Visitor: 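Sharing a structure below in structure tokens format, with a few things to ask.
Hydrogens, waters and symmetry mates play no part in the numbers below; they use all other heavy atoms, side chains included. Just so you know, these numbers come straight off a predicted model, no measurement behind them.
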Amino acid sequence: MKIRKAVIPAAGFGTRFLPVTRTIPKVMLPVLNEPAIQFSVREAADAGIEHIVFVISRGQEATNDYFHPVPPLEQALEERGNTELLNEMRDISSMVETSVVYQDEQLGLGHAVLMAKDEIGGEPFAVFLPDDIFYGDTPAIADLIGVFSKHGSSVIAVKYVPDESVPNLGIIDPEPLDESVYRIKGMVEKPRLEDAPSNLAVIGRYILTPEVFTALENAKPGAIGEIQLTDAIDAVRTEQGAFACEVTADHFDVGTPLGMLKASVYAALRRDDMSGELKEWLKTTLNC
């Protein structure tokens with residue numbers, strides 16, 4: 001089946017970015033001059049996804065509003081003859097259809113995905129964690145869609161991480177199949193290094209079958225009262241199987257201020273109108 005819909009959980013309070021996130025949704029903070037969430041939406045659109053469901057908290061409607069037309073702005077740009085910027089604004093509001101559901105309690109990633117059940121219906125769908133952004137020649141999610149098209153079961157994005165990162169991440173037990181594709185034999189959340197089955201860590205892209213919603217509804221909250229998405233995927237895996245796709249594109253975790261700063265610098269270095277001046281400034285500042 002074609003992957004037509006995606007869920008983007010964006011209901012968090014962004015506590016690591018306080019005080020700016022007192023009134024601004026974390027996903028709307030800029031990576032250079034684009035809100036972080038735009039990277040996920042563009043990636044989805046480039047991969048042929050048609051509808052995105054944002055899972056947000058009350059008061060975070062700006063996340064969805066951003067992807068709607070802004071007539072006064074467009075009129076002003078048109079009157080000024082700024083066609084290039086006008087077209088860019090129109091492109092933002094025409095990338096995909098969007099809708100909103102609310103997560104009124106912060107009960108974990110699995111609970112956030114479950115809130116989108118009615119919007120998704122009975123078809124396979126993608127999940128994007130907007131803290132993870134990728135720079136590559138093709139959309140990262142497109143690689144997962146390709147694996148799903150071949151195997152018809154849930155697919156999770158993974159990447160190799162150093163030993164010191166393993167105890168902080170979800171790790172898969174992989175059975176290699178093709179280049180960059182693995183059958184998942186099991187998943188472990190934040191294992192001790194000596195207990196980890198590999199150094200392949202789960203990162204924020206998924207293709208899931210609709211049966212995951214039933215697993216989420218039946219899931220028991222963990223020790224801190226959260227419903228874990230990995231537990232639901234593992235439950236479905238025992239019947240349907242599940243696969244991992246290693247993503248090799250440049251990856252940034254913009255869920256921390258330092259990660260967002262790194263992503264912004266990287267983005268600026270890729271731009272012809274900024275890279276030269278930025279490199280000179282860095283050399284002067286760092287005395288190198």
Visitor: Short question: side chain of Arg237, backbone of Lys185 - any donor-acceptor pair under 3.5 Å?
Guide: yes
Visitor: Determine which pairs satisfy salt bridge (Lys or Arg N to Asp or Glu O under 4.0 Å) with at least one residue from residues 251-265, sequence neighbours left out, and list them in order.
Guide: none
Visitor: Is there side-chain contact between Phe17 and Leu29, with at least one heavy-atom pair below 4.5 Å?
Guide: yes
Visitor: Tell me the closest heavy-atom pair linking Leu144 and Ala157, and the distance in Å.
Guide: CD2-N, 3.6 Å
Visitor: Kindly check if the number of other-residue, nucleotide or ligand heavy atoms within 6.0 Å of CD (Glu194) is above 12?
Guide: yes
Visitor: Cut-off 3.5 Å, no hydrogens considered: what does the side-chain donor-acceptor table look like for residues 160-174, sequence neighbours left out?
Guide:
from: Asp163; atom 1: OD1; to: Asn199; atom 2: ND2; distance (Å): 2.9

Visitor: Cation-pi check for Tyr266 against Arg270: NZ or CZ below 6.0 Å from the six-membered ring centre and within 45 degrees of the axis, yes or no?
Guide: no
Visitor: Does any N or O in the side chain of Gln103 come within less than 3.5 Å of the main-chain N or O of Glu105, such that one atom is a donor and the other an acceptor?
Guide: yes
Visitor: Taking the basic N atoms (NZ, or NE/NH1/NH2) and the acidic carboxylate oxygens, is any pair closer than 4.0 Å for Lys150 and Asp178?
Guide: yes
Visitor: Report yes if the side chains of Thr256 and Met260 come closer than 4.5 Å at any heavy-atom pair, otherwise no.
Guide: no
Visitor: Work out which heavy atom in Ser40 is nearest to a heavy atom in Phe128; give both atom names and the distance.
Guide: O-CE2, 3.7 Å
Visitor: Does a side-chain N-to-carboxylate-O contact under 4.0 Å join Lys2 and Glu123?
Guide: no
Visitor: Side chains of Leu107 and Pro221: does their closest heavy-atom pair fall under 4.5 Å?
Guide: no
Visitor: How far apart are the closest heavy atoms of Pro191 and Val188, and which atoms are they?
Guide: CB-CG1, 3.5 Å
Visitor: Go through it in stages, so that I can follow the logic: the residues are Phe125 and Val7, the test is side chain to side chain contact (heavy atoms under 4.5 Å, CB included), and I'd like the CA-CA distance, side-chain angles, deciding distance and then a yes or no.
Guide: CA-CA 8 Å; Phe125 63 102; Val7 177; 3.9 Å; yes
Visitor: Using atom types as modelled and distance alone, determine if a side-chain donor or acceptor of Arg205 lies under 3.5 Å from a backbone N or O of Leu129.
Guide: yes
Visitor: Between Thr230 and Glu189, is there a side-chain heavy-atom distance shorter than 4.5 Å?
Guide: yes
Visitor: Between Phe243 and Tyr182, is the ring centre distance below 6.0 Å?
Guide: no
Visitor: Please check if Ile8 and Ile207 belong to a single hydrophobic cluster, counting links between Ile, Leu, Val, Met, Phe, Trp and Tyr side chain heavy atoms closer than 4.5 Å.
Guide: yes
Visitor: Please say yes or no: joined through hydrophobic side-chain contacts below 4.5 Å, possibly via intermediate residues, are Ile24 and Leu18 part of one cluster?
Guide: no
Visitor: For a quick test of your reading: what N or O donor-acceptor pairs under 3.5 Å do the side chains of residues 47-60 make, sequence neighbours left out?
Guide:
from: His51; atom 1: NE2; to: Ser99; atom 2: OG; distance (Å): 2.8
from: Ser57; atom 1: OG; to: Ala11; atom 2: O; distance (Å): 2.6
from: Ser57; atom 1: OG; to: Gln106; atom 2: NE2; distance (Å): 3.2
from: Arg58; atom 1: NE; to: Asp104; atom 2: OD1; distance (Å): 2.9
from: Arg58; atom 1: NH2; to: Asp104; atom 2: OD2; distance (Å): 3.2
from: Gln60; atom 1: OE1; to: Ser57; atom 2: N; distance (Å): 3.1
from: Gln60; atom 1: NE2; to: Gly12; atom 2: O; distance (Å): 3.1

Visitor: If you take all heavy atoms of Val254 and Pro130, which pair is closest and at what distance?
Guide: CG2-O, 3.8 Å
Visitor: Within a strict 4.5 Å, meaning less than it, do heavy atoms of the Ile3 and Ile141 side chains meet?
Guide: no
Visitor: So which atom in Gly204 and which in Asp132 form the shortest heavy-atom distance, rounded to 0.1 Å?
Guide: N-OD2, 3.1 Å
Visitor: Tell me, do Leu200 and Lys159 make a side-chain contact under 4.5 Å, heavy atoms counted?
Guide: no
Visitor: Would you say that Ser154 contacts Tyr206 through its side chain, given a criterion of any heavy-atom pair below 4.5 Å between the two side chains?
Guide: no
Visitor: Identify whether Met28 and Phe13 are in the same connected component of the hydrophobic contact network (ILVMFWY, side-chain heavy atoms under 4.5 Å).
Guide: no
Visitor: Show your working on side-chain hydrogen bond (donor to acceptor under 3.5 Å, both in side chains) between Tyr102 and Glu61 and close with a plain yes or no.
Guide: CA-CA 10 Å; Tyr102 291 97; Glu61 289 77 11; 2.7 Å; yes
Visitor: Please check if atom CD in Glu217 has more than 12 non-hydrogen atoms from other residues, nucleotides or ligands closer than 6.0 Å.
Guide: yes
Visitor: Can you spot which of Pro124, Cys245, Ser153 makes a side-chain contact (heavy atoms from CB on, under 4.5 Å) with Phe148?
Guide: Pro124
Visitor: List the atom of Val113, the atom of Pro9, and the distance in Å for their closest heavy-atom pair.
Guide: CG2-CG, 4.4 Å
Visitor: Which donor-acceptor pairs under 3.5 Å do side chains of residues 91-98 form with protein atoms, sequence neighbours excluded?
Guide:
from: Ser93; atom 1: OG; to: Arg90; atom 2: O; distance (Å): 3.2
from: Ser94; atom 1: OG; to: Arg90; atom 2: O; distance (Å): 3.0
from: Ser94; atom 1: OG; to: Asp91; atom 2: O; distance (Å): 3.3
from: Thr98; atom 1: OG1; to: Asn64; atom 2: OD1; distance (Å): 2.6
from: Thr98; atom 1: OG1; to: His68; atom 2: NE2; distance (Å): 3.4

Visitor: Taking the side chain as everything from C-beta on, heavy atoms only, tell me whether Ile203 gets closer than 4.5 Å to Phe134.
Guide: yes
Visitor: For Arg271, which residues count as a side chain to side chain contact (heavy atoms under 4.5 Å, CB included) partner, sequence neighbours excluded?
Guide: Leu32, Asn33, Asp273, Met274
Visitor: Is it true that Val265 and Trp281 fall in one hydrophobic cluster, defined by side-chain heavy atoms closer than 4.5 Å?
Guide: yes
Visitor: In residues 208-216, what donor-acceptor pairs under 3.5 Å come from side-chain atoms, sequence neighbours left out?
Guide:
from: Thr209; atom 1: OG1; to: Glu211; atom 2: OE1; distance (Å): 3.2
from: Thr209; atom 1: OG1; to: Gln240; atom 2: OE1; distance (Å): 2.8
from: Glu211; atom 1: OE1; to: Gln240; atom 2: NE2; distance (Å): 3.0

